[in-house]
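What you see is a predicted model, and the numbers here were worked out from it, not measured in a lab. Just so we're on the same page: letters track the sequence lines, and every chain starts at 1.
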There are 2 protein chains.
Amino acid sequence: MAKRPTSQNVADMAGVSKWTVIRAFTPGASITEESRAKVMAAAGQLNYRPNLLARSLATNLTHQVAILVDDFENPHKLPVLERLTLELQAEGLVPMLVNINERFGHVHALLNAGQRQVDAVILFGTAFRNETLQDARLEGAAPMFVLARDSQIPGVPAISCDATIAIEELCAHLREQGYRRPGFMAGPQTLSTALGRRRSFKTFWVRHGVEHVPELPAKSYSMTSGAEAVRHYLQETSAGDRIDVLMCENDALALGALDVLRSEFGLRVPQDIAVAGFDNIMFADAPAYDLTTYEQPIEDMVKTTIDMILGRRERQTVQLRGRLVVRGSTKRT
Amino acid sequence: MAKRPTSQNVADMAGVSKWTVIRAFTPGASITEESRAKVMAAAGQLNYRPNLLARSLATNLTHQVAILVDDFENPHKLPVLERLTLELQAEGLVPMLVNINERFGHVHALLNAGQRQVDAVILFGTAFRNETLQDARLEGAAPMFVLARDSQIPGVPAISCDATIAIEELCAHLREQGYRRPGFMAGPQTLSTALGRRRSFKTFWVRHGVEHVPELPAKSYSMTSGAEAVRHYLQETSAGDRIDVLMCENDALALGALDVLRSEFGLRVPQDIAVAGFDNIMFADAPAYDLTTYEQPIEDMVKTTIDMILGRRERQTVQLRGRLVVRGSTKRT
DNA sequence: TTGTACGCGTTATCAT
DNA sequence: ATGATAACGCGTACAA
């Protein structure tokens, strides 16, 4: 395998200096058509392409963006990643996918991203603590952005779905369908807070005269946790005291809950109990589930994030409006 | 935001030359404990970390690996990506996620990866043509590896699940359960061939005296395509001529098919027709589906790939053994 | 063990 | 418009 040709090699072949070669590859540089043609011919023969590594070293711009993900369990990650990579690439940016876990924490990842000189970091996960991200060693690192949840970190903008509007719309629908005994399944306490869904849910029902909203705590945002949580609730609650609609903090929880309601307790959805989720993942649409849910404005969120990264938009927390998706799991009529 | 400190800055503060600083950060370099301590103290104060960009330029090693994905529709991608990123990171490699689509094809991606000097490229998709990858401009690029499907590209090893063994095991189970009229749902012709599942399936049944195996062609490897394919088949086939078990090339197809069988045609699974898939995606395990399937040895495949990338193992096509997962969708008893 | 010269391939700036 | 010089931050090879 021959070594990559450099601008010098092309220059030699074309009979010009290497700087002329660079100009030929620089849009808008001052160079004669003749020179450019000579250079391009030689470059074509040698199969030359500029070395982006060297370019980055000189310009201090890598055009790389790190995406930190800590929750591959959630099927919702996939369509967002797809969109994110798509739009980043369209802007000439390259996504670096970083898996955050016990062995490879946020600080580690951020330090590494810093060493790699990424232009920006997107926090696309559920579980990170503000204190962690204020580690002194992270000073002067790449600008960070939080995607699809809140950020309480000073100077780190969050781009998320407007939970207040979302829950308001969803609950209005539930109420219209006649449900009056709502329950809420929340994920881990601290993470749940960052999503803001639980609070909005309670607020809505209190406003409409429902003081007590039972809470079904789930250990994590996964199907199995959703299954466990609802299983525990039903075992502890007599049929008469049961809620008539269960709102889950995301679809993974909702689908896990739905499975248990039907297969383990023989309950009919929505006749015996209605279920709603959040995210509109692929399987929410499957006839086997037919889940009412709320779709986050993925495209809008992703584009907004990238606009901020590129400085085309003010780097400030925004909440974007999603879309209510009503399906059979909450339709009484 | 202060500029990143360089080895020179640390050297000045520590009262040594910058090369001594580099040695302090080079495992196994010859340096006095005293010098190293001085350097580390200064480095700590300045919050210095070596610039990996510059290092890469000098060493010709980026420790970056590009992962080319063209099928984010398939839920199976997510757990594999999770594992892949995890194991790559454990080896100090950084995954670059590349979304292959109409606007950003394989050649484009590979050229870009080449310019970025990645150490290796993992082809983790379904649809790529060999001719494309033999583009002359791709000469001397990073070593490529095909993950989770066959490779007919000379010099490009494939790491996949052994389809022959898999289908053999799966079919043995089906036959034992008494099924004798098997049908196969295949994805797009050329892609299907690369998986080798269809061929193995036919071979098995011919060997056991079943000459005619109806084929249900699906347009792509998605749930909706699976739904369409089975819908079309049932509309065209009279009840008496119907197959009694449907093997789908992957779980996405199988779940789509299962939904249609039950919700649109009122068929019971497995009583009226059994269904099996391939991949063991998360939802195959859900009570709503309870799908018999075959699990690819993800961890094994990923580790093997990385071993090849790092040169710890011969770069040669291998087929690894997975695991049969029997569930309710094929159990008659 | 430590310091020096030079190279990696590009960009920025200046002189011609 | 073109060529030359310096710089980006680190690694290798060699000399002290």
Practice problem: Check whether any side-chain N or O of A:Thr6 sits under 4.0 Å from OP1 or OP2 of C:dG9, and answer yes or no. | Solution: no
Exercise. Taking only the side-chain heavy atoms of A:Ser30 (C-beta and beyond), determine which of C:dT11, D:dA1, D:dC10 contains the nearest atom.
Key: D:dA1
Self-check item: Heavy-atom pair of closest approach, residues B:Val121 and B:Ala142
Solution: CG2-CB, 4.3 Å
Exercise. Can you tell me the distance, in whole Å, between the CZ atom of B:Arg116 and the P atom of C:dC8?
Key: 22 Å
Practice problem: Could you tell me whether the side chain of A:Trp19 has a donor or acceptor atom within less than 3.5 Å of a complementary atom in the base of D:dT5? | Solution: yes
Quiz item: OP1 or OP2 of D:dA1 sitting under 4.0 Å from any side-chain N/O of A:Thr20?
Solution: no
Quiz item: Do any side-chain nitrogens or oxygens of B:Thr59 fall under 4.0 Å of OP1 or OP2 in D:dC10?
Solution: no
Self-check item: Whole-Å gap separating C1' (C:dG9) and CG (A:Leu46)
Solution: 15 Å
Quiz item: Picking from C:dG9, C:dT2, D:dT2, which would you name as closest to the side chain of A:Asn51?
Solution: C:dG9
Quiz prompt | Sole candidate of B:Ile100, B:Asn99, B:Val98, B:Val69 that passes side chain to side chain contact (heavy atoms under 4.5 Å, CB included) when paired with A:Thr85 | solution = B:Asn99
Practice problem: Report yes if a side-chain nitrogen or oxygen of A:Ser56 is closer than 4.0 Å to either non-bridging phosphate oxygen (OP1 or OP2) of D:dC8; otherwise report no. | Solution: no
Quiz item: Got a salt bridge between B:Arg312 and B:Glu91, using NZ or NE/NH1/NH2 to carboxylate O under 4.0 Å?
Solution: yes
Self-check item: Nucleotide nearest B:Ala54 when distance is taken to its side chain, options D:dG9, C:dT1, D:dG3
Solution: D:dG9
Self-check item: Shortest non-hydrogen contact from B:Val80 toward B:Ile298
Solution: CG2-CD1, 3.8 Å
Quiz item: Given that B:Gly15 and B:Leu57 both sit by DNA chain C, which one's nearest nucleotide is further toward the 5' end?
Solution: B:Gly15
Quiz item: In whole Å, what is the span from the CD atom of A:Gln117 to the C1' atom of D:dC10?
Solution: 12 Å
Quiz item: Could you give the NZ-to-C1' distance, from A:Lys38 to D:dA1, as a whole number of Å?
Solution: 12 Å
Exercise. Kindly point out which of D:dG11, C:dG9, D:dA1 is positioned nearest to the side chain of A:Lys3?
Key: C:dG9
Quiz item: Could you state the CD1-C1' distance from A:Ile22 to C:dG9, rounded to the nearest angstrom?
Solution: 8 Å
Quiz item: So what does B:Phe25 touch, heavy atoms closer than 4.0 Å: a base, only the sugar-phosphate, or nothing?
Solution: nothing
Quiz item: So, is B:Thr32 near the phosphate of C:dT2, with a side-chain N or O under 4.0 Å from OP1 or OP2?
Solution: yes
Quiz item: Taking the side chain from A:Asp71 and the backbone from A:Gly125, do they hold a donor-acceptor pair closer than 3.5 Å?
Solution: no
Exercise. Check if the side chain of B:Arg23 and the base of D:dG11 share a donor-acceptor pair of N or O atoms closer than 3.5 Å.
Key: no
Exercise. Report yes if at least one side-chain N or O of B:Ser7 is closer than 4.0 Å to OP1 or OP2 of D:dC10; otherwise report no.
Key: yes
Quiz prompt | Side-chain N,O (B:Ser35) to OP1/OP2 (C:dT2) below 4.0 Å | solution = yes
Quiz item: Is there side-chain contact between A:Val318 and A:Pro157, with heavy atoms separated by less than 4.5 Å?
Solution: no
Quiz item: Atom NZ of B:Lys18 to atom P of D:dC8: distance rounded to whole Å?
Solution: 10 Å
Quiz item: Which of the following nucleotides, D:dC10, C:dT10, C:dT1, is nearest to the side chain of A:Pro50?
Solution: C:dT10
